[in-house]
Amino acid sequence: MKDKIITLLDNAIDVLDKNQIEQFLEQPPKPELGDYAFPCFRLAKELRKAPQQIAADIKDSIACPDYIEKIEVQGAYINFFTKKDAYAKGVIERSIEDSYGSSDEGNSKTICIDYSSPNVAKNFHVGHLRTTVIGNSLYKIFTKLGYNVERINHLGDWGTQFGKLIVAYKNWGSEEAIKEKGIEELMRIYVLFHEEADKNPELEDEARAWFHKMETGDEEALKIWKWFFDISLEEFKRTYKLMNMEFDHFTGESFYRDMTDDVVSELEDHGLLQDSEGAKIVDLSEYDMAPCLILKNDGSSIYATRDIAAVEYRKKTYNFTKCLYVTGQEQKLHFAQVFKVMELLGNDWAKDSLIHIPYGLVSLGGEKLSTRGGNVIYAEDILKEAISKIKEIINEKNPDLSDEEKEEASRIVGVGAVIFNDLYNQRIKDVSFKWEHITSFEGETGPYVQYTYARCSSILRNVEDFAPSVDIDYNVLTDTASVDLLKEIDKFPSIISEAADRYEPSVVARYAVDLAQAFNRFYTDNRIAVDEKNVRDSRCLVTYITRRILKDSLDLLGIGCVERM
């Protein structure tokens, strides 16, 4: 219907093309203003007329087609009132397809997404959830649009912090304690290192020396590092499994350490490398940026060097259209520097293909999390706590479920509640964990959307002989609640595109709530299990389509569904 109205306007307006008309066409906030509205303010300068007169002239030039009930001018707006049965038919015929919302825009194109990327030998804390769930959602959104997506976990597994850990291990750790407690013990001695280094700065020199040994291939240093790496990866994968997430590549910083010499040589060949107090830098003052440090004064590489190597490796290996970096906004300068260096190396594609996707902080009770200070909350503990709280609610609300059903529902809804709480917020905003909101089955929450899905499933289970078909009575779907629900269904493909264009999963999360709310109003206003077959089948079909789009929306967020809860 929207496309048809765009065509009507395109035939009547010479100074705008179809894309411009589509950009300006609106859905009015109230039914009495029509189903679509076109504002004429932007045409006033071009046509040298008052917007109200332009709207009247355009309206008079349009012959009202059979799918439009009426066209009205209200102020500077042209309001289109569609015939509700025709509108319902158009929406149903499109949305009944399983591929609804999918696209082929990404065919033969690859996107690399660098996300999650926790630091080895440090716990996977609640702050890491943001990059993980945002990146996973973007992977699903771009896959839905037909792109091949490479999921890259760029583990922080190289750098001076490992020299610090080795010093801490040799001074205050033991093999037995680390084998028993894993990352918890590594974190204890890491925090202890910083406490002791404040009193004895020579420890920092020892740490730099041990990292230099790692860089030069010292057997003992690399053996300890690899031990810490294996312990960490095992714990990380346990958390990923709980969230039902996978990666295509666990290629951390260490993967690129043998490529850094080539980066240095390339920068030298392009005349970009300069000396600075014994270190090697790329001067970016011309671009209002601090210099990009390439080699420290002891000759060791730094993460910028390894990030440049990673970009070149990924471009050569995957020939990506875009490479996305989902990290905190505090790394904005770092990635601006790396991307600018890639441009200065003559890579014209770097300007449009390398994209930093920042996000805000995570707090618990308003208190910022700090690994160095030891104020950390394990992501796994947060997820298990959510599962436990949801299980209590399910036990109270639906004690008839089997133990197996309760366990499955609690895990899926509990984990989903945490993920949804994060993704419902615009990613640049800070997120705070408030249990009373996260686990609520009412309001703008994950459990509310999942419960609506389960309600749709229950309705369809209890209706005999229903099979989805477009051979229904569309006149049944012309009441306000039905049309409002159809309008939400109609938005789904554009929602996915908008989320991809803005790299913003919150667009999908907020849509899922809007769709759930529209369905619950529809369900309140319209009995479904009625004797009249035409009424029952029509309303069941809308329920069937809503159920599938709720499932697809939650899947785009990395959240599962349960049939009963």
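Quantities reported herein were computed from a predicted structural model and do not represent experimental measurements.
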In terms of ring plane angle, is the pair [X] and [Y] parallel, tilted or perpendicular, where the classes change at 30° and 60°?
X    : Y    : answer
F320 : W349 : perpendicular
F441 : Y451 : perpendicular
F335 : H356 : parallel

Residues that Y115 engages under side chain to side chain donor-acceptor pair (under 3.5 Å), provided they are two or more places apart: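 For Y115, no residue satisfies side chain to side chain donor-acceptor pair (under 3.5 Å) once neighbours in sequence are set aside.
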Going by the side chain to side chain donor-acceptor pair (under 3.5 Å) test, name the single residue among K551, R564, E563 that passes it with S457.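 Exactly one candidate clears the test, E563.
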So that I know where these two stand, are [X] and [Y] an aromatic pair - ring centroids less than 6.0 Å apart?
X    : Y    : answer
Y325 : F339 : yes
F247 : F250 : yes
Y318 : H249 : yes

Pairs where residues 59-69 contributes a residue and the test side chain to side chain donor-acceptor pair (under 3.5 Å) is met, not counting sequence neighbours: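 As it turns out, there is no side chain to side chain donor-acceptor pair (under 3.5 Å) pair with a partner in residues 59-69 once direct neighbours are skipped.
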Pairs meeting criterion side chain to side chain donor-acceptor pair (under 3.5 Å) with involvement of residues 417-426, two or more places apart: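 Checked against side chain to side chain donor-acceptor pair (under 3.5 Å) - neighbours excluded - the pairs reaching residues 417-426 are R130-D422, Y424-E444.
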Does this structure show an ion pair linking E532 with R536, if we count only N-O contacts that are shorter than 4.0 Å?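 So E532 does not pair with R536 through a salt bridge.
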Go through the steps for F420 and Y448 under the test ring pair (Phe, Tyr, Trp, His ring centres under 6.0 Å), then give the verdict. CA-CA 10 Å; F420 195 92; Y448 171 75; 9.3 Å; no
Nearest non-hydrogen partners of E246 and R151, listed with the distance: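 The answer is O-NH1, 3.4 Å.
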State whether Y100 and R548 meet the cation-pi test: NZ (Lys) or CZ (Arg) under 6.0 Å from the six-membered ring centroid, and within 45° of the perpendicular axis.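 No, a cation-pi geometry is absent between R548 and Y100.
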